[in-house]
Each structure stands twice: as C-alpha cells, then as structure tokens.
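Worksheet for the structure shown next.
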Amino acid sequence: MTASDSRVVVVGGGMAGHRLTEQLTGQGRREVVLLGEEEWPPYNRVLLAEVLAGRYPAEVAALAPLPGRAVRRRTRVVRIDRAQRRVLCDDGSAVGYGDLVLATGSNPVLPPLRGLFEESAAGRERHELPAGVFAFRTMADCADVDAYLPRVRRAVVVGGGLLGVSAARALAARGVPVLLAHQGEHLMERHLDADAAALLAAHLTDLGVEVHTECRVRSVLTADRRVRGIELADGFRMEAELLVLAVGVRPRTGLARAAGLATRNGITVDDRLRTDDPHVHAVGDCAEHRGVVYGLAGPALAQADRLARLLGGEDAAPEAGYRGSRPLTRLTLAGPGGTPLDLAAFGATEADPEDRVIRLADAARGTYRKVIVRPDGQGGDRLVGGVLLGDLDTVGTLANAWEGDEALPAHPLHLLTTQSTTTGGTS
C-alpha cells in the first residue's frame, strides 16, 4: 500500500471542505490534503456582507487555521484521473488519493443582460465583465467591490434573494445610494411570505435602499467597457457606477462531469455521500442528495461532519449515512441607529389547503411571526414551516419542533409565545 492509498484529498477550500479537513485531521487516522484555488485562507462566507459593510475586517471571517501541510492554496484542480486515483493541478502537479472529496461549491449565475458581455471577432462572447460589474460570492468579490467604491456615486443590485438583500444593505451601510431590482413579486420569495417581505422592504428603505420588485433589468449601459448605468424592461434608464449581480448560484459540477461522474443539478451522491465512483465523494453546495441541492451553510457543515465520521471509520453501519437536512435560514440586518432586524425562515412559507396558519404581528414594533401546521392524519398537527421577522425569541422552540418532526404537544399558538435561547441551524 502506498501513502496515497490512505490519503483523503479534498478539492475546495470553502466552509464544507475546511470543516471536513478539520474533522479528519483531528481524528489523526488518515493523511488529508485540501486543495483550494482561492488566495484567501478558508473563511466564513456568511460574514461576507458584514465585511463589505465595514463592520468586520476580513480576518474576522477567517476559519480556524488548519495544519500547514494539510492545505495548498491557489491550487486549482483541472482533471480527475479516476483510473490512477489522482488529481491533476494547474501547476502541473499530481496528487494521489485513496478517497477524493469534491467540495467545489457553486458559481454565481450571470444573467443574460444586454451589454454584459462583448463579442469577439469570431462572434463568441467574451466573458470579461465590464469594469464596475461584480458578482457577490467570494472574499475576492468583496475586496474588489470595496476597492471600487471610492468612484461610485450610485449602485444597483440585481436580485432580491438572500445574497442580493445582504449586498444592498452592506452598500447602504457604506453610504452608497442603492437601487435593489428584483424580478419576483416580493423579496426573498424562497424564504419569506409577502407580509414578511413587505416588512423587510420597509426596513431596507429605512436604510436608504430603493427597493423595486417585479422589476427586470434589461441592459447594462457601458462606455469603454465601464458600467455607466442600467436600462429596465420598461425603457427607464438610470445612471450607476456599480452593478452587483446576485441572481443566484449554480453548483460547480464541471470537474465531476469531465471525470464521467453522474450529475444532475449537482453532483449526485448517496446516503454515504458517495458518487457513482465509491472512491469519490461530494459535500456542500456542489452536492445533490436525494434530489436536493441545499446551497446553505448548515447542511454543508452537517454533510462534512457525517462524511468525516464515515471516512474515519467511526460509522461503518449502513444506517450511519446522511439522511438529509432541515435547514433554518437566518439573517441579521443592521438598522438605522444601530437597531438590527433579525429574520428566520424554515420549511414551507405558503400553506396548502389543509394547513392551518397562525400569525402574530405587531406593526408598531415591526415584528411578524407565522407558523404553518399540517394535520398528521392521527389527530395531531406537525409544524411544516414558519417565518419570524423582527423578534426571534421563539426561534429555538420552533426549530426544535420542526427538526423533530413530531406531533405538536399543544395548540400551535404556544410556538409563537414560548421564548427559547436555542437557535437551531443558520444559513
């Protein structure tokens, strides 16, 4: 047996890859090598908006240091040689593995806006973005936007999901007038219902963000390949020196596809987080388990923890695999005068006909609580979703009831009035 036969190679230095490497090195049973293409040490992606807002330096987002020999930064894997069980890197090196873990994360989606890309003489699009146009996904994106801000008088953020809302409020915190353009009916429609989204929009407006929903940006206006503004679908034009694209992400599956591994929306894995090659695994934003790509930090860390136990030999029983996650998304928005707005959401945000909906709202305080319960067919109710905005005193009780998926012991109203300090998972 060679040294590489027992080596675990982790491709991707994000939160999932870091967590897995940390767990495996802590076990001390197997050699682990993490190959990350970013120049930054592994960091907490959830804190990017706080870094951009200037509330934290980038160093605060850094994750715990890993043993020096376990990490190779600025190293991009370009090919997987499954027959020889090795990965080939862009610097010409090859690293052998006994088990390979793909934690390649996701890429930002770039919308098909006119003027975003220019064509070469051959008619093919060149994928260099105009100066002043940025995605918002990595620490490098954060640093690039920060460096560009001194020349910005007005900014536009395209996309009103979790990333877009975070980017817009971060820019507003830096004193930049911001227009947030969202094509959907209300902000964060994957997580919030219309009532909660209206409170969120009001809060962003108080921060100085101009919120437009059901609004489609059609074109990027440029001069000398530098952004000068945007044009909406109705023909309205607005000047802007900064454009942030936050319309979603797509799992990075190219490396796996090129190696002949099965992919759908993500890299498909079984309950032991294996691909169709038993020596290759996937975790985090790139992994698709039982048809689900989570795209959230909580499930990514849970997958990394479970795979560390499996690869370390701690869980050999067939039933010891990963069964899926029930993530709870949380976001804190700093508000005027330093007053934050907290929100949490999980499960279903809209009720089916047989469901019951219980709401508590206080317009004066800007708080909103809603839970959706569903009959379980045995005379009881089960919690299937909820939204809280402005006051998260009950989030621990709700998270425990939802994650347990057990019949509720009392009237659902108690879930909205029982305080708890247990917080459950985060986005």
Side-chain angles (χ1 to χ4, degrees), residues 3-25 30-43 45 63 66-107 137-140 249-263 265-269 272-289 293-295 297 299-301 303-308 310-312 322:
S4 64
D5 289 337
S6 62
R7 181 185 299 138
V8 179
V9 173
V10 181
V11 180
M15 295 174 69
H18 175 276
R19 180 67 157 257
L20 177 64
T21 304
E22 182 180 51
Q23 296 284 341
L24 287 172
T25 54
R30 303 183 66 174
E31 179 191 359
V32 188
V33 176
L34 185 151
L35 306 174
E37 66 182 45
E38 291 192 56
E39 63 177 291
W40 300 86
Y43 54 87
R45 202 177 302 276
L63 299 172
L66 297 169
R69 291 185 303 169
V71 181
R72 285 176 54 182
R73 289 157 49 193
R74 296 182 289 274
T75 301
R76 185 168 65 91
V77 174
V78 295
R79 189 164 71 87
I80 302 170
D81 182 348
R82 291 167 55 195
Q84 297 294 322
R85 285 202 213 170
R86 61 178 186 164
V87 294
L88 307 179
C89 305
D90 58 351
D91 60 5
S93 63
V95 183
Y97 65 84
D99 283 293
L100 175 66
V101 181
L102 301 177
T104 48
S106 56
N107 283 327
R137 182 64 180 166
T138 67
M139 189 64 76
V249 295
R250 182 177 292 114
R252 296 182 65 180
T253 60
L255 193 62
R257 286 200 313 273
L261 299 170
T263 64
N265 291 326
I267 304 168
T268 56
V269 295
R272 298 183 75 81
L273 298 165
R274 296 173 302 196
T275 66
D276 47 344
D277 181 331
H279 298 288
V280 183
H281 311 257
V283 294
D285 290 2
C286 68
E288 179 177 339
H289 174 259
V293 177
Y294 290 100
L301 298 178
Q303 290 172 2
D305 288 346
R306 176 53 56 190
L307 185 56
L310 294 168
L311 294 179
Y322 174 72

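Around atom CZ of R30, more than 12 heavy atoms belonging to other residues, nucleotides or ligands sit under 6.0 Å away.
R19 places a side-chain heavy atom less than 4.5 Å from the side chain of E22. Between R73 and P41, the closest side-chain pair of non-hydrogen atoms falls below 4.5 Å. You'll find the side chain of L307 stays beyond 4.5 Å of the side chain of Q23, heavy atoms only.
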Determine, stepwise, if the pair H281 / V283 fulfils side chain to side chain contact (heavy atoms under 4.5 Å, CB included).
CA-CA 7 Å; H281 311 257; V283 294; 5.8 Å; no
Side chain to side chain contact (heavy atoms under 4.5 Å, CB included) between V95 and R72, worked out
CA-CA 11 Å; V95 183; R72 285 176 54 182; 3.4 Å; yes
Yes or no on side chain to side chain contact (heavy atoms under 4.5 Å, CB included) for D91 and R76, after CA distance, side-chain angles and deciding distance?
CA-CA 8 Å; D91 60 5; R76 185 168 65 91; over 6 Å; no
Report the C-alpha distance between Y97 and R82 in whole Å, list the side-chain angles of each, state the deciding distance to 0.1 Å, and finish with yes or no for side chain to side chain contact (heavy atoms under 4.5 Å, CB included).
CA-CA 10 Å; Y97 65 84; R82 291 167 55 195; 4.2 Å; yes
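Here the closest heavy-atom approach between residue A16 and residue A304 is recorded as O-CB, 3.5 Å. In terms of heavy-atom proximity, G13 sits nearest to L34 at CA-CD2, 3.7 Å. Taking both residues in full, the closest heavy atoms of D276 and G260 are given as OD2-O, 4.2 Å, listed atom of the first, atom of the second, then distance. The minimum heavy-atom distance linking P42 with H18 is given by the pair CB-CD2, 3.6 Å. Contact record, L35 with C89: CD1-SG, 4.1 Å, taken as the closest heavy-atom pair. Closest approach of A300 and G284 over heavy atoms only: CB-CA, 3.7 Å.
Summarising the geometry, atom CZ belonging to R85 is positioned 3.5 Å from atom NE2 belonging to H279; distances are rounded to the nearest 0.5 Å. A distance of 4.5 Å separates OH in Y43 from OG1 in T138, rounded to the nearest 0.5 Å.
The residue from D99, V8, V101 that alone fulfils the side-chain contact (heavy atoms from CB on, under 4.5 Å) condition with L24 is V8. Of the residues listed (L255, V9, V269, V77), the one engaging L102 in a side-chain contact (heavy atoms from CB on, under 4.5 Å) is L255, and it is the only one. Checking each of R250, R252, R137 against D285 for a salt bridge (Lys or Arg N to Asp or Glu O under 4.0 Å) leaves exactly one that passes, namely R137.
For the pair T268 (side chain) and A262 (backbone), a donor-acceptor distance under 3.5 Å is present. With hydrogens and angles ignored, the 3.5 Å screen pairs a side-chain donor or acceptor of H289 with a backbone N or O of Y322. With hydrogens and angles ignored, the 3.5 Å screen pairs a side-chain donor or acceptor of T21 with a backbone N or O of G17.
Counted by atom type alone, T275 and D277 present zero donor-acceptor pairs between their side chains at under 3.5 Å. Donor-acceptor pairing under 3.5 Å is lacking for the side chains of Q303 and Y294.
In this structure, the side-chain hydrogen bond (donor to acceptor under 3.5 Å, both in side chains) partners of T253, at least two apart in sequence or on a different chain, are R257.
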